[in-house]
Amino acid sequence: MALLEGNGFGTPENMQTRLSYLAESMDILAARFAGYDMVYTPAPNAPGETYFPWYGRDDEEIMVCVFRGGRIEESFHRQDFFFFNYAWRGDYDTLSFQRDNLVTIREGELYLGQPFTGYALRGNLREEVTIVGVLIRKETFYESFMPMAAGTRLLDFFVDPLTNPSAEQFMVLHPDRDFPAAELLSFMICEYAHERPDSQDLLKSYALLLIMHAARQYDREHDVPEPKGECAKMLAHLERNVGQVSLAQLAAQFGYHPNYLSTLFKKELGRSFTELVLEQRMSRAAVLLRGTTSPIEIIALQLGYSNPSNFYKAFERYYGCTPREFRLRRSVDIAR
């Protein structure tokens, strides 16, 4: 899918240079993709089926892949990461969720897959198709992107794999002019094809933009209204900034006196500000303990606990077990 003119590349000469650089970068990634050693491995939660573990380097958290071809015949499989597949040029079919669920992805559409989503590209096409895929380690998503995604309506889709080990949902979005999918992906393609020491950091920034635009697009396509009422807006703000905002800061943000805000929460929601913050912290703690291997002390800091022992005490009171016991139980459940 060609980039639109007037997208900030400057003069026609500069634009042509950028487009040539993009074409060169896509060629590099298409050749690289053909050489990946993607080994079908027995799927841990689906007996008799296969999956792809992370096939990037150990030091990679984000991968950008380019498939280019006229014939697609993948075996039905699952994978251990989030992925965003964009139909850059041409349409293609995919078996999704179930083996007999054939979905057509049109040029310019974006396909979102959870970790463990059943998937297989299929098609004997008249013309060559180009698919750009952004792959994100699930640990990276939950550690780095969860704070921003927490305030979106896509949260359930992102968190589902943690509460359901066999989760296999997918989503197709239709980016409009307010979602610059091709432009974002073009930057990611060029960066990944010509890696530098800080490329992964930059790719994570682009991936966050991709996630947030996908969340906005989901709202537009599903006509999801913005939170109504001050309490709803403030709760959304708390979700996005869990553990990082005080009652005084929240009151200043929305133009209230802290005492009034405290009374408002108790009246409208039946819970104090402290109780609401604790709920948000414990909910996020459960997600991070289930979905990442981050040290518990780091998780405590991410949730706003400067003293990890305070986090341990709060968690045990809330869940009736220690964070380590909680994480161990999750590991046992997955092994089963």
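Any value given below was found using the heavy atoms of this structure, including those in side chains, with hydrogens, waters and symmetry copies removed.
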F170 and Y111 aromatic ring geometry - parallel, tilted or perpendicular at 30°/60° bounds:
parallel

According to the interplanar angle, ranging from 0 to 90°, do the rings of F67 and F33 count as parallel (below 30°), tilted (30 to 60°) or perpendicular (above 60°)?
perpendicular

Pair [X] + [Y]: ring centers closer than 6.0 Å:
X    : Y    : result
F326 : Y319 : yes
H213 : F179 : yes
Y119 : F83  : yes

Using the rule given for side chain to side chain donor-acceptor pair (under 3.5 Å), can you reason through Y142 versus R137, listing the C-alpha separation, both sets of side-chain angles and the distance that settles it, and then say yes or no?
CA-CA 9 Å; Y142 293 122; R137 283 186 187 266; over 6 Å; no

Flag, side chain of [X] to backbone of [Y], donor-acceptor distance under 3.5 Å:
X    : Y    : result
Q244 : Q302 : yes
R281 : L303 : yes
E268 : F265 : no

Tell me, with the steps shown, if K138 and D80 meet salt bridge (charged side-chain N to carboxylate O under 4.0 Å, His left out).
CA-CA 7 Å; K138 63 178 185 292; D80 193 31; 2.7 Å; yes

Taken to the nearest 0.5 Å, the spacing of L269 CG from E279 CD works out to 9.5 Å

To the nearest 0.5 Å, what is the distance between CD on E230 and CG on L235?
11.5 Å

Can you name the nearest heavy-atom pair linking [X] to [Y], along with the distance?
X    : Y    : value
L22  : C190 : CA-SG, 3.8 Å
S246 : F273 : C-CZ, 3.6 Å
C65  : Y36  : SG-CE1, 4.2 Å

Can you confirm whether the side chains of Q217 and E221 place a donor and an acceptor under 3.5 Å from each other?
yes

Any donor-acceptor N or O pair under 3.5 Å, side chains R324, Y312
yes

Side-chain contact test, heavy atoms from C-beta onward, threshold under 4.5 Å: evaluate it for L110 versus M171 and give yes or no.
no

Note, F82 side chain near L135 side chain (heavy atom, < 4.5 Å):
no

Before accepting this row, confirm whether a basic side-chain N of the pair R196/D198 lies closer than 4.0 Å to the acidic partner's carboxylate O.
no

Assess whether side chain to side chain donor-acceptor pair (under 3.5 Å) is satisfied between Y192 and E60, documenting all intermediate values.
CA-CA 11 Å; Y192 194 69; E60 288 184 314; 2.6 Å; yes

Applying a strict under-4.5 Å side-chain criterion to I, L, V, M, F, W and Y, I'd like to know whether V134 and L208 cluster together.
yes

Test side chain to side chain donor-acceptor pair (under 3.5 Å) on E191 and S199 and set out the steps.
CA-CA 6 Å; E191 188 65 36; S199 286; 2.6 Å; yes

Evaluation steps, salt bridge (charged side-chain N to carboxylate O under 4.0 Å, His left out), between E107 and R89:
CA-CA 6 Å; E107 182 177 305; R89 187 177 300 281; 5.4 Å; no

K204 vs E143, salt bridge (charged side-chain N to carboxylate O under 4.0 Å, His left out): CA-CA, chis, key distance, verdict
CA-CA 12 Å; K204 286 171 68 175; E143 290 174 2; over 6 Å; no

Counting only heavy atoms not in K266 (residues, nucleotides, ligands), do more than 12 fall under 6.0 Å from its NZ?
yes

